[in-house]
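One-based numbering along the sequence shown.
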Amino acid sequence: MDFRTTCEETKTGVCLLQDGNQEPFKVRLHLAKDILMIQEQDVICVSGEPFYSGERTVTIRRQTVGGFGLSIKGGAEHNIPVVISKISKEQRAELSGLLFIGDAILQVQVLRNAGEEVTLTVSFLKRAPAFLKLPLNEDCACAPSDQSSGTSSPLCDSGLHLNYHPNNTDTLSCSSWPASPGLRWEKRWCDLRLIPLLHSRFSQYLPGSDLCRQNAFQVIAVDGVCSGIIQCLSAEDCIDWLQAIASNISSLTKHNIKKINRNFPVNQQIVYMGWTEEREQDSLQDRMYTPKFLALRGSSLYKFIAPPVTTWDWTRAEKTFSVYEIMCKILKDSDLLDRRKHCFSVQSESGEDLYFSVELESDLTLWEKAFQTATFLEVERIQCKTYACVLESHLMGLTIDFSMGFVCFDAATKAVLWRYKFSQLKGSSDDGKSKIKFLFQNQDTKQIEAKELEFSNLFAVLHCIHSFFAAKVACLDPLYVGSQATASAAPTTSGTGKLKYTT
């Protein structure tokens, strides 16, 4: 499939790319709707069907003014060939149509005395080292040189034969193709790497660490293909690229969620999917952070190693949590554990603390809203939750009911011991192990009444109470209720009817 037939260009720009241990070289990023194209410059023959050639041979004659009309950089001291760095307009080099900025001069043959006419064997050096400082122009036009300087190429004064073997460059390994009047050559941007954006992730940080690269990032596709380190020209340019890529990934994810939800029942709809990095709790681990894929679907938060693709994948999550029995906290700067920004924590129903990092503030906002939505929808669906507890050595039950509030009853006889509305809860405390002390205000006497219960799953109960309170507050906010009317795909059941909320 040709990706470009279905893509809409959204952003294009020139950056530097560091691929492995190589020196950074110039590339063009071409961001489309569903793919990031990384392109490098090459010289191709465009007369008829385009094809590539490893070498070109061109004969040019010195002009009285301007010499050959080109400038060069590099050489053996840099362990690279001599490279054409400038081509003067309307001079011999440009008029030949066969020489381009970035061409490596592999051989020079002097044809006449004093170098009046020379034959150059050249091959385009696609990955010229950054220290050569070749122009970072986005188009393929040649940058003019300073003609007023009167400086001519050193080639004009030396009959030097450059013995540089072409295998030491990153040129195409094609056979030499002699120039002829019928051939036309152009410098063009050619695809080096294609990164599909659906379920891809990007990071400014060194893998597994909290060390942020300066004005640089990498993009990793869902199949593991990596862009390499993309170095931007400024911090502003880097943020612009990250936000543009994040926006396209978000749009693709939303569209994908919409398609997947057609196959799931209304109480199992997906609200959120996206990459995060989880901080390892074991300080002895080599990696401080590990990529994790989070999904909010129905009543659960799923933590995956890789995005779920099939229905079977949803049963193979690394961990699952009930959304109304966990606590999510967006961390302030003072709460951060290291140099990573944009972090949040999740406390599970067992009291385990999980620590996650995302790349951008917009990612953090997206997660926060999605978690609030998932919790609201699930509380609205279940309406109540009952937990076993102990009161003075007797087995009891505590029901948290969205409409009625708190109801404590005898587990054996089902007789109600006490009942309070949410608005009557004035405070609570716990011992961090099993006991919770509730402070309720009596509606008649206005006195505070303390009720202490013991639970085997303390954190699940505390988080559930918090979720019901948060949903209660949310449903009193007209703007929030209005926004959920379109987001929610879970209607009320026939047995429940339309909800009536009381405080």
Side-chain angles (χ1 to χ4, degrees), residues 199-213 217-220 222 242-243 245-247 249-250 253-254 257 270-308 313-314 316-376 378 459-460 462-463 466-467 470:
H199 292 330
S200 67
R201 57 188 175 89
F202 58 89
S203 180
Q204 304 173 76
Y205 296 93
L206 295 176
S209 76
D210 62 342
L211 299 177
C212 186
R213 298 185 178 95
F217 63 93
Q218 63 179 347
V219 184
I220 302 100
V222 68
L242 289 173
Q243 289 176 341
I245 294 171
S247 177
I249 292 175
S250 178
T253 302
K254 289 178 182 177
I257 288 174
I270 301 171
V271 175
Y272 171 90
M273 290 198 299
W275 282 103
T276 64
E277 296 225 3
E278 182 182 8
R279 195 175 196 270
E280 297 290 346
Q281 297 182 8
D282 186 357
S283 59
L284 299 179
Q285 291 282 344
D286 293 335
R287 296 173 65 91
M288 185 185 297
Y289 283 90
T290 304
K292 300 293 181 181
F293 192 84
L294 300 184
L296 290 166
R297 174 188 160 209
S299 63
S300 300
L301 165 63
Y302 295 80
K303 185 175 72 168
F304 296 95
I305 297 175
D313 289 339
W314 287 93
R316 303 166 66 187
E318 187 179 81
K319 281 190 177 181
T320 59
F321 310 92
S322 295
V323 291
Y324 58 86
E325 291 185 330
I326 60 177
M327 178 82 76
C328 177
K329 180 182 179 182
I330 305 300
L331 300 179
K332 300 177 181 179
D333 290 345
S334 58
D335 298 326
L336 299 177
L337 299 182
D338 50 50
R339 286 169 287 192
R340 286 208 178 207
K341 302 178 180 179
H342 316 310
C343 299
F344 63 92
S345 65
V346 172
Q347 189 176 62
S348 71
E349 55 264 39
S350 64
E352 179 188 12
D353 289 314
L354 307 176
Y355 189 97
F356 296 96
S357 165
V358 293
E359 291 292 324
L360 302 174
E361 186 176 356
S362 58
D363 296 334
L364 194 61
T365 301
L366 184 65
W367 159 259
E368 183 180 22
K369 290 182 177 179
F371 186 82
Q372 291 172 350
T373 298
T375 303
F376 177 86
E378 187 58 18
F459 291 99
L462 291 174
H463 298 159
H466 179 272
S467 296

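In terms of heavy atoms, Asp313 sits closest to Phe304 at O-CE2, 3.3 Å. Among all heavy-atom pairs drawn from Met273 and Ile270, the shortest one is CG-CG2, 3.7 Å. Contact record, Val219 with Ser200: CG1-OG, 4.3 Å, taken as the closest heavy-atom pair. The two atoms that bring Tyr205 and Ser209 nearest to each other are CB-O, 3.9 Å, heavy atoms only.
To the nearest 0.5 Å, atom NZ of residue Lys303 and atom OG of residue Ser348 are 9.5 Å apart. Here Arg340 contributes atom CZ and Glu359 contributes atom CD; the two are 6.5 Å apart, rounded to the nearest 0.5 Å. Atom CD in Glu325 sits 11.5 Å away from atom OG1 in Thr375 (nearest 0.5 Å). The distance from the OG1 atom of Thr365 to the CG atom of Leu360 is 10.0 Å, given to the nearest 0.5 Å. Note that CG of Leu211 and CG of Asp338 are 9.5 Å apart. Values are rounded to the nearest 0.5 Å. With rounding to the nearest 0.5 Å, the separation of CG in Leu336 from NZ in Lys341 is 9.5 Å.
A heavy-atom distance below 4.5 Å is found between the side chains of Leu331 and Ser345. Inter-residue side-chain proximity for Phe217 and Ile245 is flagged as met; some heavy-atom pair is nearer than 4.5 Å. Annotation: side chain of Trp275 is not in contact with side chain of Thr253 (no heavy-atom distance under 4.5 Å).
Environment of CG in Leu337: crowded, with over 12 heavy atoms of neighbouring residues, nucleotides or ligands closer than 6.0 Å. Dense packing is recorded around CD of Glu352, with more than 12 heavy atoms of other residues, nucleotides or ligands lying under 6.0 Å away. Heavy-atom neighbours of Lys292 NZ from other residues, nucleotides or ligands within 6.0 Å: above the threshold of 12.
The list of ring-ring contact (aromatic ring centres under 6.0 Å, His included) pairs with a residue in residues 322-359, not counting sequence neighbours, reads Phe344-Phe356, Phe344-Trp367.
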Open item on the list: Before you tell me yes or no, could you show the steps for Arg201 and Glu277 under side chain to side chain contact (heavy atoms under 4.5 Å, CB included), namely the whole-Å CA-CA distance, both residues' side-chain angles and the distance that decides it to 0.1 Å?
Closed with: CA-CA 10 Å; Arg201 57 188 175 89; Glu277 296 225 3; 4.2 Å; yes
TODO: Could you check Leu354 against Phe321 for side chain to side chain contact (heavy atoms under 4.5 Å, CB included), going step by step and ending with a plain yes or no?
DONE: CA-CA 12 Å; Leu354 307 176; Phe321 310 92; 3.6 Å; yes
Task: Phe293 vs Tyr302, side chain to side chain contact (heavy atoms under 4.5 Å, CB included): CA-CA, chis, key distance, verdict - done: CA-CA 8 Å; Phe293 192 84; Tyr302 295 80; over 6 Å; no
- [ ] Would you please test Met327 and Val346 for side chain to side chain contact (heavy atoms under 4.5 Å, CB included) and show each step?
- [x] CA-CA 6 Å; Met327 178 82 76; Val346 172; over 6 Å; no
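Scored by the side-chain hydrogen bond (donor to acceptor under 3.5 Å, both in side chains) test, Ser300 finds no partners at all (sequence neighbours excluded). With sequence neighbours left out, Arg213 forms a side-chain contact (heavy atoms from CB on, under 4.5 Å) with Leu206, Pro207, Ala216, Gln218, Ile229.
Checked by atom type and distance alone, the side chain of Ser250 never pairs as donor or acceptor with a backbone atom of Ala246 at under 3.5 Å.
Ion pairing of Glu278 with Lys319 is absent here, as no side-chain N (NZ or NE/NH1/NH2) approaches a carboxylate O to less than 4.0 Å.
Judged by distance alone, the side chains of His463 and Glu349 never bring a donor and an acceptor atom under 3.5 Å apart.
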